[in-house]
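Beneath this line is the structure, given in structure tokens, with notes to follow.
Given the structure is predicted, the values throughout are model-derived calculations rather than measurements. Counting convention: from 1, in listed order, for ligands and their atoms alike.
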Amino acid sequence: MSDILDLNAAVYPFPPKPACLNDTEKHFYKEKIKRLLKERDAVMVAHYYTDPEIQALAEETGGCVADSLEMARFGSQHSASTLLVAGVRFMGETAKILSPEKTVLMPTLHAECSLDLGCPEQAFSDFCDSHPDRTVVVYANTSAAVKARADWVVTSSIAVELIEHLDSLGEKIIWAPDRHLGNYVRKQTGADILCWQGACIVHDEFKTQALTRMKALYPDAAVLVHPESPQAIVEMADAVGSTSQLIQAARTLPNNRLIVATDRGIFYKMQQACPDKELFAAPTAGEGASCRTCAHCPWMAMNGLKAIADGLEQGGSQHAVEVEESLRLKSLIPLNRMLDFAAGLKLRVQGNA
Ligand code: 13P
Ligand code: SF4
């Protein structure tokens with residue numbers, strides 16, 4: 001176990017921020033991207049944590065802005081022959097695993113995720129080998145190699161439901177890599193879960209003391225929390241959920257003020273969902289703070305307009321995601337299980353409606 005904790009303590013070097021563009025440059029790259037999308041028969045698949053102008057462009061060009069589960073689904077079902085994935089590497093890899101016949105391009109192949117970095121294949125595989133009686137469930141935020149070692153892949157939007165299901169079958173679980181989400185799911189389900197000790201550098205930084213003060217300042221506000229946040233923050237929440245579930249909660253909660261503990265990229269779609277409500281970013285500063293991210297993932301921020309245009313124009317080994325075929329086939333099994341499970345859940349929800 002000590003190796004795992006050491007990995008979690010790692011401080012990851014952040015990538016340089018993309019250069020700021022002036023309005024003329026922004027216009028130039030947006031037009032170029034629109035043209036290249038058509039020429040390449042490509043569609044944009046963007047995550048809620050990318051910058052607002054990237055999300056707006058994805059919407060304007062008929063692409064999607066979504067959580068990691070819906071990105072996977074949209075990319076595999078869309079008729080375009082090229083997917084431009086604006087997100088982090090595991091999202092591009094997932095798209096390629098599901099759609100090997102498509103060209104999958106990313107603005108950069110160096111957009112990491114601290115959860116993925118904190119769960120290297122060999123150490124994880126050894127960990128699984130030492131607990132052969134446990135079903136291995138990994139979060140989508142992992143490499144293809146780690147997925148290939150798993151029985152199931154899961155995203156935060158269906159984590160509780162999947163673990164409830166496995167628990168009902170009497171299965172004991174290995175959960176990786178996010179310890180906060182793992183603890184949250186354990187508390188919700190009571191399942192026997194052994195957790196890998198990874199963390200998201202963005203959500204790990206929310207601070208309870210500063211949040212308590214903010215709540216005192218806005219007593220009428222509801223607190224929305226992504227379960228990659230520390231337990232003490234989750235315990236202060238009025239709604240806990242994946243990115244899409246938080247947007248839904250923002251729409252349906254009666255409160256006119258919302259304090260939001262997740263990457264601030266989500267504000268673009270959340271504000272669209274409830275234009276009359278006031279949104280506040282949960283604090284990452286305050287006592288004991290070492291705020292490095294200020295609630296915006298530095299790797300998501302690499303998806304700038306110029307990088308997207310370069311990706312579409314140049315393609316090739318700098319931008320095209322490739323997954324070796326035998327690895328792809330192995331990682332496809334737990335990914336398809338996830339998609340089938342999610343589709344079954346959707347059907348159940350529709351049936352109950
Ligand atoms: P969602 O699955 O809620 O989109 O969150 C994934 C994530 O953390 C992306 O960085
Ligand atoms: Fe990974 Fe956190 Fe960035 Fe999401 S926000 S990609 S979990 S580091």
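If you number the atoms of ligand 1 from 1 as listed, the ones under 4.0 Å from a heavy atom of N141 come out as 7 (C), 8 (O). The contact set between ligand 1 and M300, taken as ligand atoms under 4.0 Å from a residue heavy atom, comprises 10 (O). Numbered from 1 in the order shown, with element, the atoms of ligand 1 that lie under 4.0 Å from a heavy atom of S242 read 3 (O). Each of the atoms 4 (O) of ligand 1 lies under 4.0 Å from some heavy atom of D67.
In this pair, F124 and F127 present their aromatic rings tilted. The plane angle is within the 30 to 60° band.
If you check the side chains of S326 and E324, you find a donor sitting under 3.5 Å from an acceptor. Checked by atom type, the side-chain pair Y49/T262 shows a donor-acceptor distance below 3.5 Å. For the residue pair D263 / H226, no side-chain donor-acceptor distance below 3.5 Å is found, with atom types taken as modelled. When only modelled atom types and interatomic distance are considered, E59 and Q55 share no side-chain donor-acceptor pair under 3.5 Å. A donor-acceptor pair shorter than 3.5 Å cannot be found between the side chains of E25 and Y29.
Looking only at protein heavy atoms, the nearest one to atom 5 (O) of ligand 1 is H226 NE2, 3.5 Å. Atom 8 (O) of ligand 1 has its closest protein heavy atom at E228 OE2, 2.9 Å.
Residues L258 and F267 fall within the same hydrophobic cluster, defined by Ile, Leu, Val, Met, Phe, Trp and Tyr side chains chained together at heavy-atom separations under 4.5 Å.
At a heavy-atom cutoff of 4.0 Å, ligand 1 is contacted by the side chain of Y49 but not by its backbone. When non-hydrogen atoms are compared, ligand 1 lies under 4.0 Å from the side chain of M91 (C-beta onward) but not from its backbone.
Residue-to-ligand polar distances place H47 within reach of ligand 1: an N/O pair is separated by less than 3.5 Å. Taking any N or O of S156, backbone or side chain, at least one lies under 3.5 Å from an N or O belonging to ligand 1. At least one N/O-N/O distance between T243 and ligand 1 falls below 3.5 Å. Some N or O of S68 is nearer than 3.5 Å to an N or O of ligand 1, by distance alone.
For the pair P230/D204, a side-chain contact is recorded, criterion being any heavy-atom separation below 4.5 Å from C-beta on. With a 4.5 Å cut-off on side-chain heavy atoms, L57 and E60 count as touching.
Between R149 and D129, at least one side-chain N (NZ, or NE/NH1/NH2) sits under 4.0 Å from a carboxylate O, which counts as a salt bridge.
Test T135, D133, D192 against K172 for side chain to side chain donor-acceptor pair (under 3.5 Å) and you get one pass: D133.
If you look at Y184 and H180, their ring centroids are not closer than 6.0 Å.
Closer than 2.8 Å to atom 1 (Fe) of ligand 2 sit the protein N, O or S atoms C113 SG.
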